[in-house]
Amino acid sequence: MKKMMTLLSMIALAIVGTTMIGCSNKEYDIEKPEQPVGSRNAITLTTTISLPDAETDTDETKALDIDYGNKKLSKTFAEDERMAVLYRSQAGGITMGISDTLRTEDITNGGKTATFTITVYDPVKTEDLTYVYPAAMAGGSYPSYHIDYSRLNTQDGTLESISSGLDLSTFTGSWVGGNLPSANLTNELAIIAFTLKNADGSVDLTSTITGMTINDGTYNYTVNRYAAAGPIYVAIRPTNNATINYTATDGITNTYTKTVSDKTYDAGSFYQLGLRMTPSSSATGHRLRNSIVGEIVGTDGLAYAVEDKNNLPIGVTAAGMVAYKSGPSGLVIALSDESDIMRWSEAESAVAAHTPAVTGHAWRMPSLSEWKQMFAAFGGIETSSTGLKTAITNAGGNTLDDKNYWTSTDKEGYPANAYYIGLSDSNVTSYTMGKTYYSYTRACFAFDFGLFSVSSTTKVKFAPGNLTYTGSTWEFLSHSWEYNYNGNYGVAEGSQYFHWTDVFNNRNNVGESAVKDAITSALGASWRGLSKDEWSYLLGDLLFYHATDSRTVAWHKYAYIKKGGGCYLLIFPDDFVGADWTAAMGTIPTSFDNRGEQSISYTEENFSAMQSAGIVILPPTGRVYSGLSTDIKFYGERAFYWTKELDMHNGKLQAASLSSWNVSLSYQVKEHQDGKSYYNPVRLVKNVE
């Protein structure tokens, strides 16, 4: 039969420390090795812990009392507290006894000593027992009662809750003459009072924080609290040279982080820590081609909403602002001027070295036209600076002052002089002056999407659509996928079909030269055709987009898609990624036939999305064999695009073209040699510096 024993014992509970230790007014900086404010070594009867300065003299906990006058922390007993004893029972497992609640008459010696009454059942007195104080820190169930450290996982950041339920003290020892032993308890935890500030220490964050997490690589402690004045108190298990990650949040907008290494927090010690924390962010940056004017540009080369300017990801600094957009391309202006007025050559060097640097981009001086584009982007007028100034201020930058700023544009015919813009109130004017004069400068950079490498050193941008001629006007079709056919996407009036010499003229022929000059005059001298080698570099050594049976997707430089019997050739820009296809197409194709994707019915909306993603679409325009007639071969099925050189073929001078048609199921772009009397479409390009 089990035997019940009721044991009464006077237990002297010495938590830690007998000496009253004063607290320094110094706030410890987490960047430096901090020392415990007070040490609580296990000895008999008394405990004293020093505390940091306090602002009031009214705070008091149940068992951890703050003496604000003497700057001390004392652990004492209070009514209604309990202690647990863990012991092995005759049944073989570890069981637990809980003391009666303390009464006033049980507490003596100024709260430093207490008498507990504990009932235990059939104990094995030849094995050690363990006291757990407060009893709330004991948990589990028979036969494996234990100290329940998981209670430390979630805390409320107050000293009251630590003192009443979490400030663990223990004793493990042997039975004494059959009775429960008197003992000195030893504190098992470190207690930390956190004060949080921003990265430079100028702003107190503590009163805004609703959540905090401390992770030492082994244990994780989470604090949930209402925003209130600090400090934030946390009880943790001791650490030794640990790397500790601290995270804090206001629960609305801002998340702050801090990581420190080689931190030791001793059991029985109290620490006052001032953490300077860096804002983190759940905000996700997006690529510049998807940005809008006025957004912030970070040092990571991504754009962020203005409201995230104080909440950028760790390691990212606001560097510029999107100041102009044209389709997926645009301009970014720096958030501050260079340091001082300087000569033009000095300014050119200064902007090239502008900091902070932005990943993937190089700062430079804006041209005159770029300045005008940036002014016009904010208010629609290039002679007013008001909108741009306001936007820079909203982005957290230093606004443009009413002074003169250099441009990169030389005065026509006078390379020793350059343009500058003059700002006065909201007005913008432009003048020229010698480059040896002094002016202010601000850096910018252009971002271009839809760039295509056509050699190891040359990148180009494609014209928005095929070249067309109405009989009086040379222009580009406005949509990349358009060709001249009623019932297909886009109706292009005039002709897209060109005799080879109309476009790539031989300067020995006056007529051909005149046509070329007309195109240059209308579209600009920088537009040109691609050579065979450039087409080959762009397409010849790479495969098309394809999905294998296992749905493994390979993203390459070009693909075919089929629509209405026609084969459209898609060419992907250099920085195209798989996500762009999903964004453009809505879904990833899953099945192909020998000429293209079959499972999706593409619409004009799909094609528009492709174009917005920077994809060049070469439509199946067909070709004309002789004369500009309606006799168009392969119309709506395939196309032949001119390259810019002549070739010798079968002993005859002929022109080369590219056929946008698969060959032998290999999805190739095949090179053809066509007589100069053929008429084929043309897609021009321009070099990107």
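Sequential numbering from 1 along the given sequence is applied to the chain's residues.
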**Sub-4.5 Å side-chain heavy-atom contact between S336 and H354** = yes
**Derivation and outcome, side chain to side chain contact (heavy atoms under 4.5 Å, CB included), residues M137 and L152** = CA-CA 9 Å; M137 282 299 294; L152 300 172; 4.2 Å; yes
**Message:** Contact between P123 and Q90 at the side-chain level, heavy atoms closer than 4.5 Å - yes or no?
**Reply:** no
**Fill in**
In terms of heavy-atom contacts, F116 and E81 come closest through CE2-O, 4.4 Å
**Request:** Could you pull out all residues at least two apart from I98 that satisfy side-chain contact (heavy atoms from CB on, under 4.5 Å)?
**Result:** R82, A84, M96, A135
**Request:** Applying side chain to side chain contact (heavy atoms under 4.5 Å, CB included) between I244 and each of N215, D262, D216, report the one that passes.
**Result:** D216
**Asked** Once you round to the nearest 0.5 Å, how far does CG of L196 lie from CG of L275?
**Response** 5.5 Å
**For the student: nearest non-hydrogen atoms of Y233 and A193, plus distance** = CE2-CB, 3.6 Å
**Request:** Just grab all the ring pair (Phe, Tyr, Trp, His ring centres under 6.0 Å) pairs involving residues 92-111, residues at least two apart or on different chains.
**Result:** none
**Asked** Does a donor on one side chain and an acceptor on the other come within less than 3.5 Å for N245 and T259?
**Response** yes
**Request:** Could you tell me the separation between the CZ atom of R364 and the SG atom of C444, rounded to the nearest 0.5 Å?
**Result:** 4.5 Å
**Item:** Counterpart residues, side chain to side chain donor-acceptor pair (under 3.5 Å), relative to S202 (two or more places apart)
**Value:** N198, D200
**Asked** Between the side chain of Y145 and the main-chain N/O of A138, is any donor-acceptor distance below 3.5 Å?
**Response** no
**Request:** State, to 0.1 Å, how close R151 and A136 come at their nearest heavy-atom pair, and which atoms those are.
**Result:** CD-O, 2.8 Å
**Request:** Measure across A323 and V293 and return the closest heavy-atom pair with its distance rounded to 0.1 Å.
**Result:** C-CG1, 4.1 Å
**Asked** How would you list, by chain and number, every residue that makes a side-chain contact (heavy atoms from CB on, under 4.5 Å) with R225, sequence neighbours excluded?
**Response** I209, V223, A228, I232
**Request:** Decide side chain to side chain contact (heavy atoms under 4.5 Å, CB included) for H361 and L288; before the verdict, give the C-alpha distance in whole Å, the side-chain angles of both, and the deciding distance to 0.1 Å.
**Result:** CA-CA 11 Å; H361 300 280; L288 291 177; 3.6 Å; yes
**Prompt:** Excluding sequence neighbours, so at least two apart, what forms side-chain contact (heavy atoms from CB on, under 4.5 Å) with S161?
**Reply:** D156, T158
**Prompt:** Taking only residues two or more places apart in sequence or in another chain, which ones pass side chain to side chain donor-acceptor pair (under 3.5 Å) with E295?
**Reply:** H286
**Asked** To the nearest 0.5 Å, what is the distance between OG1 (T247) and NZ (K258)?
**Response** 12.5 Å
**Prompt:** From T210 OG1 over to D250 CG, what is the distance, rounded to the nearest 0.5 angstrom?
**Reply:** 6.0 Å
**Message:** So, using side-chain contact (heavy atoms from CB on, under 4.5 Å) as the criterion, who are the partners of D128 when residues are at least two apart?
**Reply:** T172, S174
**Asked** Got a donor-acceptor contact below 3.5 angstrom from the T206 side chain to the T195 backbone?
**Response** no
**Request:** Answer yes or no: is there a side-chain heavy-atom contact under 4.5 Å between Y87 and V124?
**Result:** no
**Heavy-atom closest pair, residues A235 and L189** = CB-CD1, 4.0 Å
**Item:** Test side chain to side chain contact (heavy atoms under 4.5 Å, CB included) applied to D308 and I296, step by step
**Value:** CA-CA 8 Å; D308 291 323; I296 293 166; over 6 Å; no
**Request:** Check whether any side-chain heavy atom of I118 lies under 4.5 Å from a side-chain heavy atom of S99, and answer yes or no.
**Result:** yes
**Heavy-atom donor-acceptor pair, T239 side chain to K263 backbone, under 3.5 Å** = yes
**Item:** Partner residues of D337 under the salt bridge (Lys or Arg N to Asp or Glu O under 4.0 Å) criterion, sequence neighbours left out
**Value:** K403, R442
**Message:** Closer than 3.5 angstrom, by distance alone: can the side chain of W363 be matched with the main-chain N or O of A357 as a donor-acceptor pair?
**Reply:** no
**Complete:** Tightest non-hydrogen contact, residues A318 and P356, listed as O-CG, 4.2 Å
**Prompt:** Would you say the side chain of R287 lies within less than 4.5 Å of the side chain of F447, judging by non-hydrogen atoms?
**Reply:** no
**Request:** Look at the side chain of T222 and the backbone N and O of T154, then say whether any donor-acceptor pair between them is shorter than 3.5 Å.
**Result:** no
**Asked** Which value, rounded to the nearest 0.5 Å, describes the distance between L159 atom CG and I191 atom CD1?
**Response** 6.5 Å
**Asked** Does the side chain of I94 come within less than 4.5 Å of R88's, by heavy atoms?
**Response** yes
**Item:** Pairwise side-chain contact, V132 with L168, heavy-atom cut-off 4.5 Å (strictly under)
**Value:** yes
**Request:** Using the test salt bridge (Lys or Arg N to Asp or Glu O under 4.0 Å), find all partners of R237 that sit at least two apart in sequence or belong to another chain.
**Result:** none
**Request:** Identify, with sequence neighbours excluded, every residue that meets side chain to side chain donor-acceptor pair (under 3.5 Å) alongside E188.
**Result:** T170
**Inter-residue atom distance K309.NZ - M321.CE, 0.5 Å rounding** = 11.5 Å
**Steps toward side chain to side chain contact (heavy atoms under 4.5 Å, CB included) verdict (Y271, D266)** = CA-CA 9 Å; Y271 297 85; D266 294 322; 3.8 Å; yes
**Request:** Please identify each residue that fulfils side chain to side chain donor-acceptor pair (under 3.5 Å) with N394, with sequence neighbours left out.
**Result:** none
**Pairs involving residues 178-226, ordered by first then second residue, that meet ring pair (Phe, Tyr, Trp, His ring centres under 6.0 Å) (sequence neighbours left out)** = F194-Y246
**Request:** State, with a plain yes or no, whether a side-chain heavy atom of V322 is found less than 4.5 Å away from one of I292.
**Result:** no
